[in-house]
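For reference, the structure is listed below as structure tokens.
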Amino acid sequence: MASRINEHETGFADLVVGADELYKDNHCKHYYILMLRSGSIKLSCKLYINRTIEAGSMAFIPKGGKFEFQATEESNILLFAFSTTIIRTDMEMLEYFCTHAGKKDYTFNTLPIRRGMSELLNLIRTQIHERKLKHSGICHVWNTYFFHIMLAYYSKAEITAFMRPIISGGADFESFIENNYLEATGNVSRLVSLSGLSTTAFNNKFIATYGMKPKKWLDERLKAKIMDLASEKKMTPGHIAREIEIIPQRLNDFCHRIWGITAGEVIRRVQAGEPV
């Protein structure tokens with residue numbers, strides 16, 4: 001079930017774990033939200049050790065390192081794996097994160113699975129067992145919808161505290177950059193703001209980690225992302241813009257600045273095997 005999650009950028013798994021059974025992932029490639037439908041477990045990851053999670057609660061697990069849990073009784077768990085963050089789904093929420101996320105150290109907390117969330121999880125669980133979640137596009141739709149539902153049932157402060165390691169400068173810096181560079185869409189100031197660090201501290205940490213200035217690195221990563229998307233059949237500038245969460249005009253501006261041509265011409269050349 002876990003390997004099926006890892007085939008896509010996002011996905012869900014429904015697990016039944018027997019009493020005293022141990023579940024391990026030695027290298028977390030995704031962020032996870034663990035939702036305990038029934039039972040009780042002891043959960044550990046790089047942020048916390050042996051925290052008790054009771055039925056009706058959900059916990060956040062960061063990317064990187066390992067995580068494990070042991071059931072203290074038979075337990076039913078729905079795991080939500082993702083690398084697309086909540087801040088992509090709501091600009092007001094993004095601004096709230098920028099203002100509040102870097103202000104405090106992370107502390108462990110859980111959120112209750114509210115009734116509306118539970119109804120959503122029942123539907124997802126049904127689709128898993130009917131084998132309707134095999135297509136990555138369906139998983140991406142549920143990914144976005146899941147976060148919109150969270151915004152409906154929890155306050156901004158609750159969500160910020162729960163998921164803060166995703167965009168916190170206090171979290172693993174490299175994981176933070178990898179997870180959020182698309183949110184910045186080439187804007188270093190935006191990435192600095194998300195990190196909660198001063199501009200000088202951010203730049204120094206970035207150069208020490210990547211050996212180059214943030215702007216150059218962002219340009220290289222966006223170039224690689226656009227080239228990769230451009231190689232897919234029937235790709236259009238509009239599709240690329242949606243994938244990297246910018247308006248088509250900004251995509252064209254970027255392509256003109258980097259290559260001196262339009263996004264449509266980048267796609268044509270990539271698919272024709274011509275140099276860009």
Side-chain angles (χ1 to χ4, degrees), residues 6 8-10 27-31 46 62-65 81-89 91 93-95 97-99 101-102 106 140 143 163-232 235 237 239-267 269-270 275-276:
N6 292 337
H8 301 301
E9 188 177 308
T10 187
H27 184 67
C28 238
K29 294 181 180 179
H30 296 85
Y31 295 101
K46 69 179 185 180
K63 185 192 299 184
F82 61 97
S83 52
T84 302
T85 66
I86 188 172
I87 56 178
R88 288 186 187 220
T89 69
M91 288 305 297
M93 194 69 191
L94 170 59
E95 295 301 328
F97 268 118
C98 290
T99 304
Y106 174 78
H140 281 281
N143 178 303
M163 303 186 70
R164 200 181 151 275
I166 290 177
I167 61 170
S168 164
D172 177 71
F173 187 75
E174 192 168 354
S175 293
F176 163 74
I177 296 298
E178 292 290 338
N179 193 59
N180 292 283
Y181 77 91
L182 284 177
E183 316 297 342
T185 56
N187 187 322
V188 177
S189 296
R190 170 61 72 193
L191 206 52
V192 172
S193 181
L194 286 172
S195 74
L197 301 171
S198 70
T199 300
T200 299
F202 179 90
N203 286 335
N204 289 341
K205 200 165 188 177
F206 197 100
I207 292 170
T209 302
Y210 292 99
M212 66 180 74
K213 292 183 177 180
K215 184 64 176 175
K216 181 179 179 181
W217 187 93
L218 283 170
D219 281 352
E220 291 298 322
R221 290 304 291 264
L222 283 174
K223 281 167 59 180
K225 182 70 174 177
I226 291 168
M227 293 280 282
D228 182 55
L229 290 169
S231 67
E232 297 181 11
M235 183 54 65
H239 287 144
I240 291 179
R242 283 193 292 274
E243 282 291 327
I244 61 177
E245 301 284 333
I246 61 175
I247 61 174
Q249 185 57 53
R250 287 196 65 187
L251 173 64
N252 260 328
D253 290 345
F254 181 82
C255 291
H256 272 292
R257 179 167 67 84
I258 297 299
W259 293 294
I261 55 178
T262 65
E265 180 63 10
V266 170
I267 294 170
R269 292 189 187 185
V270 169
V276 177

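In this chain, residues are counted from 1 in sequence order. Both backbone and side-chain heavy atoms feed into the values below; hydrogens, waters and symmetry mates do not.
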Test of understanding: with salt bridge (Lys or Arg N to Asp or Glu O under 4.0 Å), list the residues that count as partners of [X], not counting sequence neighbours.
{"X": "Asp219", "answer": "Arg257"}
{"X": "Lys213", "answer": "none"}
{"X": "Arg250", "answer": "none"}
{"X": "Glu232", "answer": "none"}

Identify, with sequence neighbours excluded, every residue that meets side-chain contact (heavy atoms from CB on, under 4.5 Å) alongside [X].
{"X": "His239", "result": "Met235, Thr236, Arg242"}
{"X": "Ser189", "result": "Asn187"}
{"X": "Arg269", "result": "Ile261, Glu265, Glu274, Val276"}

Discussion item. Under the rule for side chain to side chain donor-acceptor pair (under 3.5 Å), what residues qualify as partners of Asp253, not counting sequence neighbours?
Written reply: Gln249
Worksheet item: Counting only N and O atoms by type, is there a donor-acceptor contact under 3.5 Å from the side chain of Asn252 to the main-chain atoms of Ala263?
Response: yes
Worksheet item: Are side-chain heavy atoms of Leu251 and Ile240 found at a separation under 4.5 Å?
Response: yes
Response to the item:
Scanning both residues in full, the closest heavy-atom pair of Cys255 with Val266 reads SG-CG2, 4.1 Å
Item to complete: Write down the atom of Leu229, the atom of Glu243, and the distance for their closest heavy-atom approach.
Response: CD1-CB, 3.7 Å
Response to the item:
So OG1 of Thr199 and CZ of Phe206: to nearest 0.5 Å the spacing works out to 13.5 Å
Practice prompt. Could you tell me which residues satisfy ring pair (Phe, Tyr, Trp, His ring centres under 6.0 Å) with Trp259, sequence neighbours excluded, listed by chain and number?
Written response: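 None.
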Discussion item. I'd like to check the ring pair (Phe, Tyr, Trp, His ring centres under 6.0 Å) partners of Phe254; sequence neighbours left out, ordered by chain and number.
Written reply: none
